[in-house]
Structure formats: structure tokens, C-alpha cells
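Protein chains get the first letters and strands the later ones, always in sequence-line order, with residue 1 at the start of each. As the structure is a computational prediction, the values presented were derived from the model and not from experiment.
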There are 2 protein chains.
Amino acid sequence: MTDRLPHTLRSDALDNRERILEAARALFSDDGLDVPMREVARRAGVGPATLYRHFPNKQILVADAFADQLDACRAIVDEGCADPDPWHGLCLVIEKICELHARDRGFTEAFLSTYPGVKDVAAGREYTVKAVAELAQRAKEAGRLRSDFVLDDLVLILMANKGIHAATTAAQVKASRRFSGLVIQAFEACPRHAPLPPAARLASAPPHGLSR
Amino acid sequence: MTDRLPHTLRSDALDNRERILEAARALFSDDGLDVPMREVARRAGVGPATLYRHFPNKQILVADAFADQLDACRAIVDEGCADPDPWHGLCLVIEKICELHARDRGFTEAFLSTYPGVKDVAAGREYTVKAVAELAQRAKEAGRLRSDFVLDDLVLILMANKGIHAATTAAQVKASRRFSGLVIQAFEACPRHAPLPPAARLASAPPHGLSR
DNA sequence: ACCTAAACGGACGGGGGCGTCCGTTACCGT
DNA sequence: ACGGTAACGGACGCCCCCGTCCGTTTAGGT
């Protein structure tokens, strides 16, 4: 008796699926999410139809392509949370996540965009944000993080960091590093610092232009 | 004898031209530069052909629509340079330009994008950047601006600020204000501050996707 | 009031991206 | 070896946007 549902893909199909994901990761990473699906298919050496059979639409492809990047994010956050010095841990998280986003243009867009139906990314972000919130609280209590820091500031920074990489320039990673350096110093508790303007509620970013 | 070249537009043509610019400003400001030309035409109450007669292509329309915003930029910079306290002047410039960009989504794109053939925007930016460089130098000499500040940091901040407004959220202005507040504190000379990662050469941002 | 040229705008062609259909290919179990 | 079926991919339809053409309207000088 054969299984009713072919939960097991044929070998060539599996191969193609993997090549598509690889191509998608490479292209999204370099050029952002605006890369045409055809381009992904071409790079993977498959036809458009095959691409669409494996990933019914672009959102799903994006979500699947960045699954491991999300894991990387989680790992970074976990690492930061595990640091005995919460301020040091928080700095680490900011630096590494900024760099991660710097290295992968598409991931930033995917991470900050909650397009409908892509639960994985949203959920991963949820988790990440929550864990960092806790870390920030501890850093505050240790007196190293300024007391008027708000979690939305991190979203702000991420969005800002994204802006840095919107343009395809060389030295993005370098720019991002300097940026996170600046930001961290702004976050650090310092008696000379004046109070900040009130925080803005950012919630989650609206969908990216994938609805073409 | 009539003038050989009709340097004077017919009254209805002049009207339309003004309405088109108005519509373009409003739409670009709210929705960014990706607004279709047809949309601008529709809002201005003219046909597409009329739009294209007055502004041969989108780049030109964008440049003309943001001419006064560029003036506003220049005015802000001039104001900052005129301030007797260079640090205060610099802060003013950063805050106001961030806010200007926050209020006008399209302008940010236009300002940071040097698309070919639009000299006005590029030239205006050139002037602005140069004047601010001078201001920054004076602020450094006054000991208020950190000595490892680099002019490219400002471009970095502008790009980052753009990232904040890439998504259409309410409270953009608020977010931008908080952001500039953070940035200014990071820029301020402070003995507690550790040295920054090296600056990245950003030069000018590559063209925006107007070449569809 | 009339006439001419400037100005208008609906309709068109071109290009590109998304997602789908269907005839063909090739894997895999027997 | 061979048959059945999963998987493939070229070609298609659809939509949106840019920029242009040409028949029609209207301003404004006489």
C-alpha cells in the first residue's frame, strides 16, 4: 500500500526545491525582495511553473527562504540574553542583528514587513522582540541602559538600519557597524544626556510592496 | 511683431501646470515617488498627455515638484550656519531636516536619489552638504561635536531616517523626532563615549528605481 | 464674431512582472 | 524493461505602468 499523500518528494523535485531556495536566498540577499520570480527561476535553472509549484506565491517563497535567517536572529538574541552582563548582551544583539540585516538586504525587508499570510516571519519577529524586551529591562536595571529607552526604539533602529541598505552601496556592512556604534552610544545611560523626545508607537510595519 | 518663441503659456496651460505640480507634490509627499504618473494626472484633473507635455518624464516632474523643498532645505542649513553656536546650529539642522524628510516621503527619495539628468536636486544637495560640512567643522572646534564625526555620518543618518519612513505609519514625524534626538546625543562629544567603528564612504546614493 | 494655433485628452503600443495551463519528460516501483 | 504518474517548462493571459499619437477643443488676437 502506497501512502495516500505523497509526503515524500521525488528526487528531482527535491533537488529543484533546494536549488530554488538557494537561488532565492542569493538574489534576495543581494538585490532585495523586488527580484522577479522569473529571475529566481532562471538562476535555479528551472521554469517559472516549477517555481510556482513549489512555492505558490512570492510571499511563501520569501518566508521559506528566510527561515534560517530567522533562526540566526533567534540565536543572536538567545546569545545576548545568555550574557551575564545584560548591557553587553544588548549591545551584542544590536550589533549583530544590524550586521545580519546589513549582509542580507532581503531579510531586512522580510523581517520588517508583515505581509498577510506569512506567519513564520511574524512569529519569529514576535519571539525576538519579546526576548529583547526582557534583556533591555535587565540592562536598564543594571543602570547601563538609559531609563527612557523604549522597545520601539529598537524597531526604530532596525527600520533606520534598513534605510542604510536600501541603496546598493559597497561597504554596507561597514556603514551598518558605524551606525550601530552610534546608536549604542545614544542608548547608553549618561548623565550628560538630555531627555529624549517622546517615543512613537511603531507597532509592526505595514506590508511591503509585494502586492503588485 | 509677436515673439517668435511663445515664452508665455496660455492661461489654461499655466493653470494645468500649476495643478499638476500641486497634485504631484501632494501624492509624492504622502505616498513616495512610486505613484503612477496617471494618478498624478487624474488628481490634477488632466489627461496623461497633458502631464507629459508639461513634464516630459517622471524625473523632471519630480525635480520640479521638489524645487521648493530644496529651497526649504537650503533655508534650514543657512539658518543653522547663521546660529552663533555651531553645535546648536548643527542640532537644529539635523532635527529640522529629519523632520522635513519625515513630513515628505517623496522628498527623501528624491533627495537621496541622484537619478541621471536631474541636476537641480543633485546640485541642491551638493550645496547643502557642503555648508553643513563647514558647520560641523566649527562645532567640532567648539568641542561640542565629537572629533571622530565624519560628514558621511550625516548621509548615514539621512538614509537611516529614510528607512524610518519607508513604511507608511502614522506618527512618522514623532518617530523621526525621537530618532534625531538619539542621533544628536550620539554625536555629542562625551568623555564616556568609546571610539566609533570606522566611517564608511557612502558618496552619493545610487539611483532610485525610476527607470521602470 | 471668427480664425488659427496652442493646448487638450482618449486611445494606443511597448515592456515587464505575476501566476496558470497543458503537452512533454523522466523518475521510480514493479 | 516498462508503465503510470509525479514533475517539468514553454507559452499564455492578465494587469499595471510608461510615454506617444492624433483628432478635438478652446484660448485669445484681430
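C/dG17 atom C1' lies 14 Å from atom CG of A/Asn57, rounded to whole Å. Atom-to-atom, CE of A/Met37 to P of C/dT20 comes out at 10 Å; the value is rounded to the nearest Å. In this entry the distance linking CG of A/Asp15 with C1' of C/dA26 reads 13 Å, nearest Å. In this structure, CZ of B/Arg42 is placed 11 Å from P of D/dC18, rounded to the nearest angstrom. When the P atom of C/dC18 is taken as reference, atom CD of A/Glu39 falls 10 Å away, rounded to whole Å.
Side-chain nitrogen and oxygen atoms of A/Tyr52 include at least one within less than 4.0 Å of the OP1 or OP2 phosphate oxygen of C/dG19. Between B/Lys58 and the phosphate of D/dG19, there is no side-chain N or O to OP1/OP2 separation shorter than 4.0 Å.
Scored by the salt bridge (Lys or Arg N to Asp or Glu O under 4.0 Å) test, B/Asp12 finds B/Arg10 as partners (sequence neighbours excluded). For A/Glu79, the side-chain contact (heavy atoms from CB on, under 4.5 Å) partners two or more places apart in sequence, or in a different chain, are A/Leu92, A/Lys96. Partners of A/Gln137 by side chain to side chain donor-acceptor pair (under 3.5 Å), not counting sequence neighbours, listed by chain and number: A/Glu141.
Pairs of residues two or more places apart, or lying in two chains, that qualify as side chain to side chain donor-acceptor pair (under 3.5 Å) and include a residue from residues 176-187 of chain B are A/Arg146-B/Gln185, A/Asp153-B/Arg178, A/His193-B/Gln185, B/Glu99-B/Arg177, B/Asn161-B/Ser176, B/His165-B/Ser176.
For the pair A/Arg105 (side chain) and A/Ala166 (backbone), a donor-acceptor distance under 3.5 Å is present.
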Interface polar pairs with nucleotides 8-12 of chain C, N/O, under 3.5 angstrom:
residue	atom	partner	partner atom	Å
C/dC8	OP1	B/Asn16	ND2	2.3
C/dC8	OP2	B/Arg53	NH1	3.1
C/dC8	OP2	B/His54	NE2	3.3
C/dG9	OP2	B/Gly47	N	3.1
C/dG9	OP2	B/Thr50	OG1	3.1
C/dG9	N7	B/Arg53	NH2	3.4
C/dG9	O6	B/Arg53	NH2	3.3

Atom pairs and distances, side-chain donor-acceptor, residues 47-55 of chain A, under 3.5 Å, sequence neighbours left out:
none

